[in-house]
Visitor: 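Dumping the structure here so I can ask a few things about it.
Values below: all heavy atoms of this structure, side chains included; hydrogens, waters and symmetry mates excluded.
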Amino acid sequence: MMFIELFVPRGSVAPEGIRHMAERLGDVAALTEGEEMHDGWRRVMESLTQVVVHEPRMWAVERRALDPGAAPRYVVRFHVPAPWRKAMSPNLVAYATKVLSEVETDRERPYREPVVQVQVVGVTEGSLGLYGEPVDSERLVELIGEPYRQDLAEGRAVRDPLCGVIVPLNDDTVTLEWEGTTHGFCCSGCREEFLRKKDKEAACS
């Protein structure tokens with residue numbers, strides 16, 4: 001689901017700090033904290049999320065190489081399916097900055113100085129590969145809902161009307177009653193977007 005790269009100048013952060021940042025950046029549950037989200041979505045995201053740390057020998061800012069021992073700078077690059085990039089960007093930028101601030105002596109430095117740069121890169125449809133073949137966002141949606149396909153056929157699950165993910169109907173599912181129909185959603189973000197679209201349709205009619 002996400003490929004995450006963390007760039008830190010070599011030797012500027014202790015190994016335990018590097019490990020902390022890598023593990024926290026890949027923590028899908030923490031990244032989506034505060035948002036109702038279907039458990040199947042989280043599990044698939046966790047299984048497809050990978051974090052790689054780069055420690056380049058050379059790092060230059062304002063045309064000058066950073067001095068050894070200088071306070072660290074960071075670049076985090078999230079690679080996500082292109083159709084999801086815009087919606088995911090605010091949460092990813094905020095979360096990455098928070099995680100990196102946790103290894104700083106002065107935790108406010110990333111909010112005061114431009115030492116953390118977060119890039120959210122959209123992976124073009126068809127250029128992500130899994131199982132030996134290209135996978136687009138529609139196929140990813142199928143993978144997320146795969147465990148509940150039989151439940152859908154037997155009426156114990158519904159398809160998210162916004163993103164198409166199959167979600168089971170249980171106490172943990174984000175739902176909405178709309179014009180006599182119970183809709184299930186993979187996350188609260190999809191429910192809110194569904195409501196926005198319905199309100200817009202009503203205003204235009």
Visitor: To the nearest 0.5 Å, tell me how far Thr97 OG1 sits from Gln117 CD.
Guide: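 CD of Gln117 is found 10.5 Å from OG1 of Thr97.
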Visitor: Distance-only, no hydrogens or angles: does the Tyr95 side chain make a donor-acceptor pair with backbone N or O of Pro90 under 3.5 Å?
Guide: no
Visitor: How close do Pro56 and Val8 get, counting heavy atoms only, and between which atoms?
Guide: CD-O, 3.4 Å
Visitor: The test is side-chain contact (heavy atoms from CB on, under 4.5 Å); show your working for Arg77 and Phe7 and say whether it passes.
Guide: CA-CA 8 Å; Arg77 189 177 294 150; Phe7 296 82; 3.9 Å; yes
Visitor: Does Trp59 belong to the same Ile/Leu/Val/Met/Phe/Trp/Tyr cluster as Val118, with side-chain heavy atoms less than 4.5 Å apart forming each link?
Guide: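 No, because Trp59 and Val118 fall into different hydrophobic clusters, even though each may have its own neighbours under 4.5 Å.
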Visitor: Taking Thr173 for its side chain and Gly184 for its backbone only, find out whether a donor-acceptor pair lies under 3.5 Å.
Guide: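 Pair absent, no side-chain N/O of Thr173 close to backbone of Gly184.
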Visitor: Given Glu102 and Arg24, is the salt bridge (charged side-chain N to carboxylate O under 4.0 Å, His left out) satisfied, shown in steps?
Guide: CA-CA 10 Å; Glu102 293 169 357; Arg24 289 274 285 138; 2.6 Å; yes
Visitor: Has the side chain of Asp199 got a donor or acceptor atom that lies under 3.5 Å from a matching backbone atom of Ala202?
Guide: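 Such a contact is absent between Asp199 side chain and Ala202 backbone.
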Visitor: Between Leu66 and Val116, is there shared hydrophobic-cluster membership here, with clusters defined by ILVMFWY side-chain heavy atoms closer than 4.5 Å?
Guide: no
Visitor: Are any side-chain N or O atoms of Arg156 and backbone N or O atoms of Asn170, one a donor and one an acceptor, separated by less than 3.5 Å?
Guide: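 Judged by distance alone, no pair lies under 3.5 Å.
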Visitor: May I ask you to decide if Val121's main-chain N or O and Arg85's side chain share a donor-acceptor pair within less than 3.5 Å?
Guide: no
Visitor: Tell me whether the rings of Phe194 and Trp178 are parallel (<30°), tilted (30 to 60°) or perpendicular (>60°).
Guide: perpendicular
Visitor: Arg159 side chain to Gly164 main-chain N or O, any donor-acceptor pair under 3.5 Å?
Guide: yes
Visitor: Are any side-chain N or O atoms of Asp136 and backbone N or O atoms of Arg139, one a donor and one an acceptor, separated by less than 3.5 Å?
Guide: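 It does hold such a pair.
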Visitor: Quick one: does any side-chain atom of Glu125 pair with a main-chain N or O of Ser137 as donor and acceptor, under 3.5 Å?
Guide: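 Flag set: sc Glu125 to bb Ser137 pair under 3.5 Å.
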